[in-house]
Amino acid sequence: MAARTLSALPTSTSTFPSFSKNSKKPIVPSPSSLSLPSNHRKPNPIATSLLGDPAPPSSACASITPLFPRPSPSRSPAVFSMLPTAKPEGAPTEKNPKWSVRAIKSFSMAELEARKLKYPNTGTEALLMGILVEGTSEAAKFLRANGITLLKVREETVKLLGKSDMYFFSPEHPPLTEPAQRALDWAVDEKLKSGDNGEVTPTHLLLGIWSEKDSAGHKILASIDFDDEKANELVNSANEDAVMTYR
């Protein structure tokens with residue numbers, strides 16, 4: 001009974017070796033007869049749903065972006081002749097004076113010093129440090145000659161304003177405080193009142209800081225023995241920075 005049941009099961013002669021009558025070697029079907037042609041193959045639904053349809057190599061290579069793209073051609077940096085102003089009439093015109101290169105660099109260094117101390121704004125104390133960091137102007141030389149150094153100004157700044165929170169990060173361009181903005185405007189106004197042709201120099205900026213009596217920069221200068229007499233000495237050399245060539 002068992003033999004009859006097994007003989008009734010369907011068998012495929014193409015998938016199992018068979019023996020010929022005249023030869024004892026089994027006849028094994030070739031692999032080509034066991035596989036379907038490439039154009040009749042059905043895609044695997046599981047692989048298609050997970051991996052998507054295979055794309056031709058050319059399209060795959062075209063969609064791949066390079067890991068390290070080629071750098072774009074360098075652009076020449078723009079040189080600005082005006083610093084931030086709160087006055088509408090302070091917009092760049094032919095009548096308004098321009099800031100000297102030293103003054104612009106001092107302002108940039110002031111923003112950097114504010115970021116180093118992790119302050120949220122650029123105050124008069126940062127403008128003072130920016131003048132000293134730039135270091136080549138007549139104002140910076142005058143301050144150093146009178147014993148006012150960058151290290152002393154930093155120490156007095158921390159004593160007066162304190163340290164910022166460890167986890168606080170300053171913006172890339174900390175906005176100006178109101179006293180710092182008034183110091184910039186004062187420097188431009190004094191240059192216009194003088195009637196002289198030329199640029200606004202770091203000396204004008206330093207005198208603008210000193211004009212803000214309640215500002216941190218004025219208090220720091222006063223604590224390091226800077227007074228009105230020394231400020232009057234600076235007035236006479238206010239235009240010397242514009243005459244010197246920047247190196």
Side-chain angles (χ1 to χ4, degrees), residues 77-87 90 99-190 199-228 230-231 234 238 241 246:
V79 178
F80 298 96
S81 60
M82 298 298 295
L83 294 184
T85 178
K87 298 182 178 181
W99 290 85
S100 67
V101 178
R102 286 186 174 89
I104 295 174
K105 186 175 180 180
S106 298
F107 181 80
S108 301
M109 294 298 101
E111 290 185 333
L112 182 59
E113 288 299 313
R115 293 178 60 189
K116 285 182 179 179
L117 294 175
K118 296 186 176 182
Y119 286 165
N121 300 96
T122 302
T124 52
E125 74 287 343
L127 295 177
L128 179 58
M129 287 186 284
I131 294 174
L132 289 168
V133 171
E134 192 279 331
T136 64
S137 65
E138 289 297 318
K141 295 176 182 178
F142 183 86
L143 290 174
R144 289 196 300 268
N146 287 273
I148 302 175
T149 62
L150 178 62
L151 182 59
K152 288 183 178 180
V153 173
R154 280 178 180 168
E155 291 177 353
E156 294 297 326
T157 299
V158 174
K159 289 180 182 179
L160 182 63
L161 302 179
K163 295 183 178 180
S164 181
D165 187 87
M166 180 190 300
Y167 301 102
F168 177 80
F169 293 94
S170 302
E172 183 177 359
H173 299 285
L176 289 169
T177 61
E178 292 183 4
Q181 183 65 73
R182 289 194 298 267
L184 293 179
D185 296 336
W186 186 95
V188 175
D189 292 340
E190 288 300 313
E199 299 173 326
V200 184
T201 64
T203 302
H204 295 97
L205 181 57
L206 178 58
L207 293 173
I209 296 171
W210 182 249
S211 68
E212 291 294 320
K213 303 297 182 182
D214 296 329
S215 67
H218 180 95
K219 295 177 181 178
I220 292 170
L221 285 171
S223 66
I224 321 178
D225 299 330
F226 190 90
D227 52 19
D228 291 333
K230 294 178 180 178
L234 276 175
D241 284 351
Y246 186 81

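For clarity, every value in this text was computed on a predicted model and none was experimentally measured.
The OG1 atom of T177 lies 8.0 Å from the CZ atom of R182; values are rounded to the nearest 0.5 Å. For the atom pair OG (S164) and CG (L117), the distance works out to 8.5 Å, reported to the nearest 0.5 Å. With values rounded to the nearest 0.5 angstrom, K105 atom NZ is found 12.0 Å from S100 atom OG. A distance of 13.5 Å separates CZ of R144 from NZ of K152, quoted to the nearest 0.5 Å. For the atom pair W210 CH2 and L234 CG, the distance stands at 11.0 Å (nearest 0.5 Å). How far CG of L176 is from CG of L127: 6.5 Å, rounded to the nearest 0.5 Å.
For the pair N146/F226, no side-chain contact is recorded, criterion being any heavy-atom separation below 4.5 Å from C-beta on. The shortest distance between side-chain heavy atoms of I148 and V153 falls below 4.5 Å. Under the 4.5 Å side-chain criterion, counting only non-hydrogen atoms from C-beta, W99 is in contact with V188. Looking only at side-chain heavy atoms (C-beta outward), L221 and L206 come within less than 4.5 Å of each other. Counting heavy atoms from C-beta outward, E138 and T201 have side chains that stay 4.5 Å or more apart. Side-chain contact between W186 and E212 is absent, with no heavy-atom pair separated by less than 4.5 Å.
Looking only at atom types and distance, the side chain of E111 has a donor-acceptor partner in the side chain of H173 under 3.5 Å away. T136 and E134 share a donor-acceptor pair across their side chains, judged by distance under 3.5 Å alone.
Every salt bridge (Lys or Arg N to Asp or Glu O under 4.0 Å) that E156 has, sequence neighbours left out, goes to K159. The side-chain contact (heavy atoms from CB on, under 4.5 Å) test applied to P175 returns N121, P171, not counting sequence neighbours. Judged as a ring-ring contact (aromatic ring centres under 6.0 Å, His included), and not counting sequence neighbours, Y119 has no contacts. Annotation: side-chain contact (heavy atoms from CB on, under 4.5 Å) contacts of A114 (sequence neighbours excluded): T122, A126, P174. Here D228 pairs with K213 under the salt bridge (Lys or Arg N to Asp or Glu O under 4.0 Å) rule; sequence neighbours left out. Scanning for salt bridge (Lys or Arg N to Asp or Glu O under 4.0 Å) contacts around E190 gives K193, with sequence neighbours left out. Legend: residues meeting side-chain contact (heavy atoms from CB on, under 4.5 Å) with F169, ordered by chain and number and at least two apart, are absent. The salt bridge (Lys or Arg N to Asp or Glu O under 4.0 Å) search around K116 returns E113, not counting sequence neighbours.
Distance alone, capped at 3.5 Å, is enough to place a donor-acceptor pair between the K230 side chain and the D225 backbone.
The nearest pair of heavy atoms linking E125 to I220 is CB-CD1, 3.6 Å. Residues I209 and A183 come closest through the heavy atom pair N-CB, 3.9 Å.
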| field | side-chain contact (heavy atoms from CB on, under 4.5 Å) between L184 and F107, intermediate numbers included | value | CA-CA 10 Å; L184 293 179; F107 181 80; 4.2 Å; yes
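The one candidate from I131, L128, L132 that meets the side chain to side chain contact (heavy atoms under 4.5 Å, CB included) condition with L150 is L132.
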